[in-house]
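Just below is one structure, and these are the notes that go with it.
Not measured: the values here are computed from a predicted model. Counting starts at 1 for both ligands and their atoms, in listed order.
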Amino acid sequence: MADCIFCKIIAGEIPSDKVYEDEDILAFRDIQPQAKVHVLVVPKSHFATLAEMDEEQAELVRKCMVKIPEIAKSLGLSNGYRLIINQGKDAGQTVHHLHIHILGGQDMGEKML
Ligand code: 5GP
Ligand code: ZN
């Protein structure tokens, strides 16, 4: 997608601090971290929300979920971490390429979730 910042990161047109990459998935550090460790995991196929995902894209999301424990371990998140997937306006989704936030590296404290 021409206008998508995450597609540009996947294509290498915008630099990112990568923590994991394979043919299906990219994980990189969030530019405005909301926790000591804040990484975004993205499927290398553009779709905005789960509602728009096709079967092949669903398989990429499955691969993301399977890989996340390994990525979390490599980030040193041995005490746990939080995953967030914002979906649309009310959730505050600002980048319309599906992504999974990994947040951790600290006690996440009293929050909504
Ligand atoms: P959302 O609010 O859509 O769930 O999350 C989008 C996230 O992408 C935000 O946490 C924001 O800081 C991050 N982000 C936006 N632009 C860039 C960028 O160019 N590089 C990186 N690494 N993260 C970005
Ligand atoms: Zn995209």
Side-chain angles (χ1 to χ4, degrees):
M1 261 273 289
D3 277 346
C4 173
I5 199 153
F6 288 176
C7 282
K8 287 181 179 161
I9 287 173
I10 290 163
E13 292 164 14
I14 293 176
S16 67
D17 187 356
K18 294 178 190 179
V19 299
Y20 177 80
E21 183 167 23
D22 65 26
E23 61 180 355
D24 298 315
I25 297 166
L26 178 64
F28 53 97
R29 292 187 193 273
D30 197 290
I31 206 166
Q32 280 192 296
Q34 303 296 309
K36 278 188 184 156
V37 177
H38 186 175
V39 163
L40 303 170
V41 183
V42 301
K44 289 185 172 179
S45 173
H46 181 91
F47 60 104
T49 66
L50 295 172
E52 289 156 50
M53 164 177 87
D54 66 22
E55 283 300 318
E56 274 181 33
Q57 291 165 335
E59 175 60 16
L60 297 188
V61 172
R62 188 191 72 78
K63 288 181 174 176
C64 288
M65 300 311 279
V66 166
K67 195 54 76 172
I68 280 171
E70 187 183 307
I71 295 169
K73 192 173 180 188
S74 76
L75 294 167
L77 301 178
S78 53
N79 288 331
Y81 50 90
R82 178 171 294 150
L83 302 180
I84 294 177
I85 311 178
N86 288 322
Q87 299 287 280
K89 186 168 170 290
D90 279 2
Q93 185 177 3
T94 56
V95 178
H96 301 286
H97 181 130
L98 188 115
H99 51 282
I100 304 161
H101 296 259
I102 303 177
L103 295 151
Q106 64 187 64
D107 185 341
M108 301 301 289
E110 293 287 325
K111 289 195 170 181
M112 189 194 293
L113 294 173

Within a strict 4.5 Å, meaning less than it, do heavy atoms of the [X] and [Y] side chains meet?
X	Y	answer
I84	I100	no
R29	L75	yes
I25	K44	no

Minimum-distance atom from the Zn ion (ligand 2) among N, O or S atoms of H46
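Restricting H46 to its N, O and S atoms, the minimum distance to the Zn ion (ligand 2) goes to ND1.
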Could you identify the N, O or S atom of H97 positioned closest to the Zn ion (ligand 2)?
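H97's closest N, O or S atom to the Zn ion (ligand 2) is named ND1.
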Atoms of ligand 1 less than 4.0 Å from [X] heavy atoms?
X	answer
Q32	12 (O)
G92	2 (O)
F28	21 (C), 22 (N)
Q93	3 (O)
I5	19 (O)

With a heavy-atom distance limit of 4.0 Å, tell me whether I9 approaches ligand 1 through its side chain, its backbone, both, or neither.
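I9 to ligand 1: side-chain contact only, backbone stays beyond 4.0 Å.
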Answer side chain, backbone, both or neither: which part of N86 comes under 4.0 Å from ligand 1, heavy atoms only.
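Looking at N86 and ligand 1, just side chain atoms fall under 4.0 Å.
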What do you reckon, does [X] have a nitrogen or oxygen under 3.5 Å from a nitrogen or oxygen of ligand 1?
X	result
H99	yes
V95	yes
L40	no
H38	no
I31	yes

Mind checking whether S16 has a heavy atom under 4.0 Å from ligand 1?
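Under 4.0 Å: no for S16.
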With a 4.0 Å cut-off on heavy atoms, is Q34 in contact with ligand 1?
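False for this residue.
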If I take every N, O or S atom of H96, is at least one of them less than 2.8 Å from the Zn ion (ligand 2)?
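So H96 does not count as coordinating the Zn ion (ligand 2).
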Donor-acceptor check, side chain of Q57 to backbone of D54, threshold 3.5 angstrom: yes or no?
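At least one qualifying donor-acceptor pair exists.
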Taking NZ, NE, NH1 and NH2 as the nitrogens, is one of them in K18 or E21 under 4.0 Å from a carboxylate oxygen of the other?
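Yes, K18 and E21 are salt-bridged.
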Taking the six-membered ring for Trp, is the centroid-to-centroid distance between F47 and H97 below 6.0 Å?
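No, they do not, as the ring centres are separated by 6.0 Å or more.
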Nearest non-hydrogen protein atom, atom 7 (C) of ligand 1
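Of every protein heavy atom, D30 OD2, 3.4 Å lies nearest to atom 7 (C) of ligand 1.
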